[in-house]
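Worksheet for the structure shown next.
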Amino acid sequence: MATPPASSRTAASPGRPRLVKPKRRGETARDEILDAAAELFTRHGYTGTSTRMIADAVGVRQASLYHYFKTKDDILAALLATTVDPSLEQARELLTSEGEPLQRLLDLARYDVTQLAAARWNLGALYLLPELADVRFGEFRAARQELSAAYEALATAALADVSDTRGLLPFRLVESVIMMRSDETRGELGAHTVTGLVDTIVGAIEMLMEHKPTQSADE
C-alpha cells in the first residue's frame, strides 16, 4: 500500500511530557523540533541531517521525536509550509478585497518579502532541494504555485494587459530575498542587510509595474 504524502496540516499527537528544560526556541516540543531541524537543514543540508541529529539538538530521545513527526519528510513539509502558507492566506484576501490592483500587489509583496527576510532560518533555500519534486511534497508545490498565480493575477490587473510579461516578475523579485539572505550569511552583501532591503524590493516592483518598456524598432 502506498505511503500517504507528508502534510504539514495534519494535527500532531501530544507526545510525551518534557522532563528537561527546553534547549530550543518554541512554545511546544513540536516547535522546538522544527527550530532545530530548520537550523540543521539550512546548515548541513537535508540529506546531511538525520533525525538523530535533530533529536540531539532538541534534547530528546529519537523515539520521542516520532511522536510529533513520523518521518524526516514530515518535518521538511511542515517547515516548507511555514514559508508559503501565511503569504498564501494574505494573497487570497487581497485577491478579493477592494482597492487598486497595484496597491494590493505591493501589499502582498511587502508582507511576503518581510516574512522571508525576517524568518529565523532561511528556509527558502530549501526550495532547490531535488527531493521537493517527489509526490510527498505536492501539497507545498501546489500552495507555492497558487501564491505565484495570485501575484500574476494582481500584476496583470495592474498592467491591464494579459500579454505583458512583466506580470511574471513580482513573485520572482520577492523570492530573490532568499539568495540575498545566503549572500548575507556568507558576508557577501557588504554593509547591507536583507531586512533593510524590503523597501527597495517593494519599490522595484512598483517601478517595474509603472514603467512602460520601450518597444524595439522591429515591433
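- Contacts classified as salt bridge (Lys or Arg N to Asp or Glu O under 4.0 Å) and involving residues 192-209 (residues at least two apart or in different chains) are given here: Arg110-Asp199.
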Would you please test Tyr151 and Val174 for side chain to side chain contact (heavy atoms under 4.5 Å, CB included) and show each step?
CA-CA 10 Å; Tyr151 270 96; Val174 166; 3.6 Å; yes

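- Listed by first and then second residue, the side chain to side chain donor-acceptor pair (under 3.5 Å) pairs that reach into residues 124-134 are Thr83-Tyr127, Asp134-Arg136, sequence neighbours excluded.
- Panel note: side chain Arg144, backbone Leu80; no donor-acceptor pair is recorded below 3.5 Å.
- Under the side chain to side chain contact (heavy atoms under 4.5 Å, CB included) criterion, Leu159 pairs with Asp164, Arg166, Met209, not counting sequence neighbours.
- Looking only at distances, a side-chain donor or acceptor of Arg104 sits under 3.5 Å from a matching main-chain atom of Gly99.
- A side chain to side chain contact (heavy atoms under 4.5 Å, CB included) with Ile178 is found for exactly one of Leu128, Leu126, Asn122, Leu123, namely Asn122.
- To the nearest 0.5 Å, atom OH of residue Tyr68 and atom CD of residue Glu32 are 8.5 Å apart.
- The two residues Ala78 and Phe69 make their nearest non-hydrogen contact at CB-CE2, 4.0 Å.
- The closest donor-acceptor contact from the side chain of Tyr46 to the backbone of Asp73 lies under 3.5 Å.
- Transitive grouping of hydrophobic side chains (ILVMFWY, heavy atoms separated by less than 4.5 Å) brings Val113 and Leu189 into a common cluster.
- Judged purely by atom type and a 3.5 angstrom limit, Thr82 uses its side chain to pair as donor or acceptor with the backbone of Leu79.
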Between Phe41 and Lys72, is the side chain to side chain contact (heavy atoms under 4.5 Å, CB included) condition met? List the steps.
CA-CA 11 Å; Phe41 289 166; Lys72 191 172 68 167; 3.8 Å; yes

